[in-house]
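Only heavy atoms go into these numbers, but all of them, side chains included; no hydrogens, no water, no symmetry mates. Here, residue 1 is the first one in the sequence, and each next residue gets the next number. Order of listing sets the numbers, starting from 1, for every ligand and every atom in it.
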Amino acid sequence: MSSSPLNLTLTLSLLLTFLSPLLTDAHRCSQGFITEMNKINVTQNCRRKALSLGVQFGWNFDQKSRQLDIAFGSRLDTETGWLAWGVNPQGLRMVGTRALIGIRQHNGSLEWDKYNITDDTKRGCRLLPSDDIGLDVRNFSFVYWEGIDYYVVLATIFLPHEYNYSRTNVVWQVGEAVAGRTPLVHSKSLNHFDAAETIDLVSEKVISYSAHNQRRLRTTHGILNIVGWGTLLPVGVIFARYFKKFPMEWEWWFRFHVMCQTAGYILGTIGWIIGIWLGNASKYYCFRTHRILGVLVFTFTTVQMFALRLKPRWSDEYRAYWNMYHHALGYAMLTLISINMFEGIKIMEPNHAWKWAYIGVLGALGVVAISFEIYTWIKFIFVKAPAKTIRESGSIDKNEPRLDGLT
Ligand code: HEM
Ligand code: HEM
Ligand code: HEM
């Protein structure tokens, strides 16, 4: 038994290694983008956010005149689309951003305008162009660089003194739907929310990019939840369902059920605490459904774990009712857990590694459960069921030692 924590650590490190490409964020611009920028004399700095929408941002900044020349580009894969770049004097967030937005219309024509993004935008009011966004913007245009299939916002901005150029909050976004000159709401997955960073325009140093600190924790949260709630709990249920008495009797079923449920609960709870921490650290957005389902999962599995101390014996009158409740809550939890897994996976889109990893786990558990189920039915129909009832045989009580120390 002493090797199981070691095995677990090894498995987790293997998984982290497997998922490590998801943890790195290459920020060198592509050679194609740099070549195109050189043609328009934007040569000083360039950053690529590989994991946040694959955008590339190049700029020149002159401290004396405070002139900032920008080239901000991304692919637009849908028929219509928009690309936004802005600065926010109020903080590292969407609301308060003064944005330059380029729009590609149905007919392929390109339009561009300036926008003030306010609380109303977040609440769903139409985002309309604004003449005054508090910035002196010149040579603003939105172009298509055919050679690299990039749409690019180009502009020269004279940065007002209220903006600290060594700590500038840069915010960006890519969206699909538009209505005339109004860009419509963007997707609400994490890579669309990790779209702001504080940078030093002179040294190109990133002062703050919230996702940096959180990427490892998000991965750990996902892995612990998939292993704890998503794998160990169902495996434990399989032991209780098929090894208790029928179709197979194995005296260790109870110990295995309790072991799997306890280990799953501990790992899942650590994952859950990390989730709550991550949710609280994301000040400006929230994944409400995932949070509510996550809290329900934790609460009711905790209730389920009360079985460690409160499970009645087979000889107790109300044991049959306890069974009903424990079975019903147990299966309800397994359902809720798999729904919430997909909610969590949706947050991480378009990264499909999570989806396939979890579908793999579900598929494997499904094959095992269906095989046992078929075996149970075959045995039930063709072989005589045990003559004595479980209660009469007394063997179940023997296999279920008291865990509360009362006997
Ligand atoms: C077109 C109209 C837009 C709408 C309706 C919209 C709506 C939203 C909403 C509702 C959220 C928060 C989701 C939540 O709390 O669950 C959000 C987050 C975000 N949006 Fe937008 N958005 C729009 C345009 C933009 C633009 C143009 C930018 C970039 C310049 C942008 C950048 C962001 C960022 C970085 C976040 C992450 C949270 C934050 O920083 O506040 N959005 N958006
Ligand atoms: C049943 C399993 C799961 C439970 C109980 C759970 C629970 C939670 C909870 C309670 C939060 C806090 C939400 C908030 O306050 O906004 C959270 C956040 C999060 N979950 Fe899960 N989760 C589960 C599975 C997953 C999976 C499988 C993934 C991805 C592969 C995932 C990805 C995330 C991410 C990325 C966040 C943080 C979002 C942010 O930065 O604000 N979760 N989770
Ligand atoms: C989150 C934790 C747990 C979950 C999700 C869970 C779930 C389940 C489920 C779904 C079954 C029914 C299997 C079937 O179809 O026959 C079951 C059976 C059982 N569980 Fe748990 N369980 C948990 C924890 C525990 C703990 C901690 C104990 C004991 C200390 C326990 C004791 C039992 C017993 C004795 C049975 C067999 C009941 C019977 O006689 O049919 N469970 N569990």
Side-chain angles (χ1 to χ4, degrees), residues 82 84-86 88 91-95 97 99 101 115 117 121-127 171-173 175 182-186 188 190 192-196 210-211 214 217-219 221-223 225-226 228-230 233-234 236-238 240-242 244-245 253-254 257-258 261-262 264-265 268 271-272 274-288 290-298 300-302 304-309 311 314 319 322-323 326-331 333-334 336-348 351 354 357-358 390 396 400 403:
W82 57 267
W85 178 93
N88 190 340
L92 203 54
R93 56 184 301 200
M94 170 179 115
V95 172
T97 301
I101 304 187
Y115 297 79
I117 301 171
T121 321
K122 194 164 175 170
R123 272 190 247 113
C125 299
R126 280 171 79 92
L127 179 60
V171 185
W172 61 91
Q173 196 53 259
T182 298
L184 300 180
V185 66
H186 49 82
K188 289 187 183 160
L190 259 189
H192 284 264
F193 292 164
D194 289 342
S210 60
Q214 296 182 3
L217 277 183
R218 286 171 183 164
T219 309
H221 167 77
I223 293 175
N225 283 316
I226 291 180
W229 305 128
L233 290 196
V237 169
I238 287 175
R241 187 172 176 85
Y242 301 105
K244 188 174 57 193
K245 181 81 185 163
W253 74 269
F254 180 69
H257 180 62
V258 175
Q261 308 315 79
T262 308
Y265 178 77
W272 182 83
I274 295 175
I276 292 286
W277 187 89
L278 284 169
N280 291 343
S282 322
K283 279 184 276 179
Y284 302 122
Y285 58 85
C286 144
F287 295 100
R288 206 174 306 278
H290 188 58
R291 185 188 178 94
I292 293 171
L293 293 181
V295 171
L296 288 178
V297 165
F298 174 70
F300 288 108
T301 41
T302 304
Q304 196 77 333
M305 291 303 289
F306 287 165
L308 283 174
R309 294 199 69 86
K311 177 176 66 63
W314 269 96
R319 171 63 190 242
W322 181 88
N323 272 7
H326 189 75
H327 283 213
L329 192 60
Y331 284 114
M333 278 310 103
L334 294 195
L336 208 61
I337 285 167
S338 48
I339 294 174
N340 207 30
M341 286 291 179
F342 284 108
E343 280 296 320
I345 287 165
K346 208 160 73 185
I347 297 174
M348 304 288 245
N351 177 352
W354 290 103
Y358 183 56
I390 288 163
I396 293 286
E400 277 183 29
L403 297 159

*Should Arg309 be listed as contacting ligand 3, given a heavy-atom distance under 4.0 Å as the test?*
no
*Given that the side chain starts at C-beta and the backbone is N, CA, C, O, which of these parts of Gln261 lies under 4.0 Å from ligand 3, counting heavy atoms, or is it both or neither?*
side chain
*Would you mind listing which atoms of ligand 2 come within a distance below 4.0 Å of any non-hydrogen atom of Trp354?*
30 (C)
_Does ligand 3 come near enough to Lys244 that some N or O of the ligand is less than 3.5 Å from an N or O of the residue?_
yes
_Polar proximity ligand 3 side, His326 side, N/O cut 3.5 Å exclusive_ = yes
*How does Trp314 reach ligand 3, if at all, at less than 4.0 Å between non-hydrogen atoms: by side chain, backbone, both, or neither?*
side chain
*asked:* Less than 6.0 angstrom separating the ring centers of Tyr358 and Phe342, yes or no?
replied: yes
*Is the backbone N or O of Val297 less than 3.5 Å from a side-chain atom of Thr301, with the two atoms forming a donor-acceptor pair by type?*
yes
_Using a 4.0 Å cutoff against the non-hydrogen atoms of Arg218, which atoms of ligand 2 qualify?_
35 (C), 40 (O)
*Could you tell me if any non-hydrogen atom of Tyr265 lies under 4.0 Å from any atom of ligand 3?*
no
*For Arg241, what residues pass the salt bridge (Lys or Arg N to Asp or Glu O under 4.0 Å) criterion, not counting sequence neighbours?*
Glu373
*Sub-3.5 Å donor-acceptor pair from the side chain of His290 to the main-chain atoms of Glu343, do we have one?*
no
*Proximity to ligand 2 by part of His221, non-hydrogen separation under 4.0 Å*: side chain
*Is a side-chain donor or acceptor of Gln304 paired with a backbone partner of Leu329 at a separation under 3.5 angstrom?*
no
*Would you please classify the geometry between the Trp322 ring and the His326 ring as parallel, tilted or perpendicular, with 30° and 60° separating the classes?*
parallel
*Without swapping roles, check the side chain of Trp172 against the backbone of Ala196 for a donor-acceptor pair under 3.5 Å.*
no
*Could you pull out all residues at least two apart from Tyr265 that satisfy side chain to side chain donor-acceptor pair (under 3.5 Å)?*
Thr302
*Specify side chain, backbone, both or neither for Leu278, according to which of its non-hydrogen atoms lie closer than 4.0 Å to ligand 2.*
both
*Which atom pair, heavy atoms only, marks the closest approach of Tyr284 to Lys122?*
O-NZ, 2.6 Å
_Are any of the N/O atoms on His327, whether in the backbone or the side chain, positioned under 3.5 angstrom from an N/O atom of ligand 3?_
yes
_Taking a cutoff of less than 4.0 Å between a non-hydrogen atom of the residue and any ligand atom, is Val295 in contact with ligand 2?_
no
*Are any of the side-chain heavy atoms of Ile101 and Leu127 separated by less than 4.5 Å?*
yes
*Evaluate the ring planes of His186 and Trp82, with Trp represented by its six-membered ring, and classify them as parallel (under 30°), tilted (30 to 60°) or perpendicular (over 60°).*
perpendicular
*ligand 2 and Arg291, any nitrogen or oxygen pair closer than 3.5 angstrom?*
yes
*Hey, does Phe306 sit under 4.0 Å from ligand 3 if you only count heavy atoms?*
no
*Would you say Trp253 touches ligand 3, if touching means a heavy atom closer than 4.0 Å?*
yes
*When you measure from the side chain of His221 to the backbone N and O of Ile274, does any donor-acceptor pair fall under 3.5 Å?*
no
N/O contact list for ligand 1, threshold under 3.5 Å:
| residue | atom | partner | partner atom | Å |
| --- | --- | --- | --- | --- |
| ligand 1 | 16 (O) | Cys286 | O | 3.2 |
| ligand 1 | 20 (N) | His186 | NE2 | 2.9 |
| ligand 1 | 22 (N) | His186 | NE2 | 2.8 |
| ligand 1 | 40 (O) | Met94 | N | 2.9 |
| ligand 1 | 41 (O) | Met94 | N | 3.2 |
| ligand 1 | 42 (N) | His186 | NE2 | 3.0 |
| ligand 1 | 43 (N) | His186 | NE2 | 2.8 |

*How would you list, by chain and number, every residue that makes a side chain to side chain donor-acceptor pair (under 3.5 Å) with Arg288, sequence neighbours excluded?*
none
*Contact (N/O only, under 3.5 Å) between Tyr331 and ligand 3*: yes
*Is Val258 touching ligand 3 with its side chain, its backbone, both, or neither, if touching means heavy atoms under 4.0 Å apart?*
side chain
*asked:* Quick check on Phe300: does its CZ atom have over 12 non-hydrogen neighbours (other residues, nucleotides or ligands) under 6.0 Å away?
replied: no
*Check: Val95 main-chain N/O paired with Asn88 side-chain donor or acceptor under 3.5 Å*: yes
*Which is the closest N/O/S atom of His290 when seen from atom 21 (Fe) of ligand 2?*
NE2
_Atom name of the N, O or S atom in His257 that lies nearest to atom 21 (Fe) of ligand 3_ = NE2
